[in-house]
Each structure stands twice: as structure tokens, then as C-alpha cells.
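Okay, so here's the structure we're looking at.
Residue numbers run from 1 in the order of the sequence given. Every number for a ligand or one of its atoms is a count from 1 in the order of the listing.
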Amino acid sequence: MKENEKFVGIIGLGTCVPDTVVTNKDLEKRVDTSDEWIVERTGIKERRIAEPGIATSDLATAAARKALADAGVSADEIDLIIVATATPDMFFPSVACLVQDNLKASKAAAFDLGAGCSGFVYGVVTGTQFIKSGLYKKVLVIGAETLSRILDWTDRNTCVLFGDGAGAVVLGEVADGCGVLGAHLGAEGAGGDLLKLPGGGSRNPSSPETIEGRMHYVHMNGNEVFKFATKIMGEAALEALKNANLTAADVDVLVPHQANIRIIQSAAKRLKMPMDKVIVNVDKYGNTSAASIPIALEEAVRTGRVKKDHVVVLVGFGAGLTWAACVIKWCKEDNTIA
Ligand code: UT7
């Protein structure tokens, strides 16, 4: 331990998922797919879809309010809000600024972070540095998405995979030896074409042609992303563990990005971890991108799967391509989330 080292961890959690459930059977009516195919290839049974009029900042704000209540921290104590999202309400202002206004977190700086589905872990690692450096004391990190708004609901290759939701955490100083012990972030921009939304930006500004070409929707090479994910999830977790001077044998709970049960199983295999140490809720929510890890973590904490003194690894991969992992020694006393 370095002299005067600050330990930073999660002191509150909250989530918000829309009430509307869309089952695989519902999707059978929209595209040429089947419940059997989706369950077998992905593990997904249903997902939540935001009601009309609900945007990413609404889910993010609701999740943030719960995280603040859980932490016993008021909005005006927050120094920084980071929102990881690929589906902001609009290009600008950022979702983080919209949340800052909703919460009346008047002293908080605010910015969005774009790292695809790895964004939440990137955000936790980033927020941690601000507190470790002494610049800030309390940071709100939110992963929030309304993927349903950028899906081509006629494309069975993508529309069955994703869902909407948000998860938030409050970061603050924790007891010595607790909190974020190690991390590993990475990117491989050369793989950017594998998962992208090509239209509406400065390369292809919105026009009748971009709309006609369905460029305002998610485009994905599923097989290649699958190969990348199965390789990187285990490796990223191992790098973060190395950074924390720990090994896979020290891990009590793995909270992986919830994209596909087969990707999660392959990560567990690489880490030689039994599946009972791995949090899985992809069956209920599908892939909620940057929201998937905080939603899974909150469920794990609330249901007692994550306990005090557990070593927890968060690991994700996503568009960019990106990957991110962090190792957390869980020291939160009160695991009762309102
Ligand atoms: O957060 C990161 C986001 N992205 C991901 O995590 C995606 C990673 N990739 C995957 O999870 C998998 O690659 C998929 C679930 C997308 C696809 O599973 P797969 O086992 O790799 O299937 P495939 O792409 O090899 O497709 C097999 C067949 C194809 O038919 P043909 O060409 O063999 O006749 C697809 O057209 O399955 C077909 N298919 C479907 N069939 C029924 C693709 N989507 C569907 C569908 N229902 N929804």
C-alpha cells in the first residue's frame, strides 16, 4: 500500500428497467425467428423495451436516484457524473448534463463516455481515478441505454439481442484494502466496422439516402464479434487480476457483460470458474449494452450473491472494439438495496 493511498469503491447502487416486457414469442410475430433459436444461441428469453416518450436520460435519472438513496448521499454532494451510453437522448447536450439537471446536482461536472458495452467499466475506472487523485470525493457513474431506438426491427440478426435499461453506482472513499484493486482497459479500433451505427454522424449526415440505406440502425457482424468476445473476456479479466496482484482462484463472483450466455460460459471456462460464481441475467434483459454490468451487479448484491469481503470482477467488451475489466473487493456493509 502506498502512503496516503485512497481506496475507492462502490458505496451505492440502483437500476431502472422499463416495465414493458417483450418475449421471444412476441418477436416471432415481427421477424422470421423462434423462441427456440434465440434461447439456444443467446440464452435470452425476454427483454425490456422503453415505452414511447421515455429516453435514456429518464432511465439514467431513475437509476441514479436509487443509487444515491442506497449510498445515503445527496445529489448536491456529487462532484462528477459520468454516463456511459451509445444511445444518448441526442448528440448534445450529453445525457450526463440532462441527469445533472434532473437531479439538481448543481456542483457536479458532467460528461458522457463512449466505449460501447464496455462503457460502464471504463466509467468506474475513470471515476475512481478522480477520487484517488483527490480532485473529487463522490462520483456518479451510470450505464444507460435505449438500444430499442436504434435497432432495425426487421433485422433478425440484431433485433432479438438487445434491451433497454440503466444501472448506476456512487463511487466514494472506502476502507483501506477495499474497493477497486485493479483494472484493465483496452481497445482495437481496427475492429470498429464489426459493430457500428454508420448514419447520422459527420461521416454520413442524416439524409433521405442514409434513412433509405437503414444506416441509422445497428449494423453488426455477429460471428466476428462473437469470436472477439470469447477471446477477450477471459483475457481482460486476467489482466485486471494481475494488476490487482490476484489470480482467478481468488475471485468469488464474476459479473460479465450480458450479451450471450455462450460468451459468458466461455469466459468462465477461460478463468476456470464454475458457473455458480458467475452472474447471469441475460435471459431476463437481453443485452442492455453499457447498462448490463451494473444491472447484473445490483441484482447480485440485492440477492446476496455478492457479500462483504468478496472479490468481484466486472468484465465487458463492446463496440469500438473495446474491452474493460476491474477487480473490486466488496466492503459495503449494508447490502439491502431499497
Ligand atoms: O455487446 C456486444 C454486442 N454483440 C454481441 O454480443 C454479438 C455477439 N455474437 C453473437 O452473440 C452471435 O454471433 C449471434 C447470436 C449474433 C448469432 O449466433 P451464431 O450462432 O453465431 O449464428 P450465425 O450468425 O452463425 O447464424 C446462423 C444462422 C444464419 O442462417 P444461415 O445463414 O445459416 O441460413 C442466420 O441467418 O442463424 C440465422 N439467424 C437467425 N435465425 C433465427 C440469425 N439470427 C437469427 C434469428 N432467428 N434471430
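By heavy-atom distance, the residue among G116, G222, S34 lying nearest atom 8 (C) of ligand 1 is G222.
Within ligand 1, the atoms closer than 4.0 Å to a non-hydrogen atom of A259 are 6 (O), numbered from 1 in the order shown. For ligand 1, the atoms sitting less than 4.0 Å from at least one non-hydrogen atom of V160 are 48 (N), numbered in the order shown with element in parentheses. For ligand 1, the atoms lying closer than 4.0 Å to a non-hydrogen atom of C117 are 1 (O), 2 (C). Listed by atom number, the atoms of ligand 1 under 4.0 Å from R262 heavy atoms are 18 (O), 19 (P), 20 (O). For ligand 1, the atoms sitting less than 4.0 Å from at least one non-hydrogen atom of T42 are 15 (C), numbered in the order shown with element in parentheses.
Enclosure of atom NZ in K45 is not indicated, since only 12 or fewer non-hydrogen atoms of other residues, nucleotides or ligands lie within 6.0 angstrom. In the displayed structure, K132 atom NZ is contacted under 6.0 Å by more than 12 heavy atoms of other residues, nucleotides or ligands. Atom NZ of K269 sits in a sparse spot, with 12 or fewer heavy atoms from other residues, nucleotides or ligands closer than 6.0 Å.
Side chain to side chain, T87 and E145 meet the donor-acceptor criterion of an N or O pair below 3.5 Å. If you check the side chains of S34 and E36, you find no donor sitting under 3.5 Å from an acceptor.
Ring planes of F228 and F317: perpendicular class, angle over 60° (limits at 30 and 60°).
Between the T322 side chain and the A115 main chain, a donor and an acceptor come within less than 3.5 Å of each other.
For ligand 1, one of its N or O atoms has an N or O atom of R41 under 3.5 Å away. Considering backbone and side-chain atoms alike, N260 places an N or O below 3.5 Å from some N or O of ligand 1.
Counting only heavy atoms of the protein, atom 16 (C) of ligand 1 lies nearest to L161 CD1, 3.9 Å. Closest protein heavy atom to atom 12 (C) of ligand 1: F226 CD1, 3.9 Å. Scanning all protein heavy atoms for the shortest distance to atom 35 (C) of ligand 1 gives R156 NH2, 3.9 Å. Ranking the protein heavy atoms by distance from atom 5 (C) of ligand 1 puts V225 CG1, 3.8 Å first.
When non-hydrogen atoms are compared, ligand 1 lies under 4.0 Å from the side chain of W37 (C-beta onward) but not from its backbone. Proximity of N287 to ligand 1, defined as any heavy-atom pair under 4.0 Å, is confined to the side chain (atoms from C-beta onward). With a heavy-atom cut-off of 4.0 Å, N223 touches ligand 1 through backbone and side chain alike. Counting heavy atoms closer than 4.0 Å to ligand 1, residue T33 contributes atoms from both its backbone and its side chain.
Screening V169, D70, V170 against I11 for a side-chain contact (heavy atoms from CB on, under 4.5 Å) leaves a single residue, V170. Just one of D283, T20, N24 meets the side-chain hydrogen bond (donor to acceptor under 3.5 Å, both in side chains) condition when paired with R47; it is N24.
In this structure, atom 33 (O) of ligand 1 has no protein heavy-atom contact shorter than 4.0 Å. Protein heavy atoms are found inside the 4.0 Å sphere centred on atom 3 (C) of ligand 1. At least one protein heavy atom sits closer than 4.0 Å to atom 10 (C) of ligand 1. For atom 19 (P) of ligand 1, a protein non-hydrogen atom is found at a distance below 4.0 Å.
For the pair D76 and K107, the salt-bridge criterion is not met [side-chain N within less than 4.0 Å of a carboxylate O]. Salt-bridge check for K66 with E298: failed, with every basic side-chain N at 4.0 Å or more from each acidic carboxylate O.
Linking Ile, Leu, Val, Met, Phe, Trp and Tyr residues whenever their side-chain heavy atoms come within less than 4.5 Å leaves W330 and L246 in two separate clusters.
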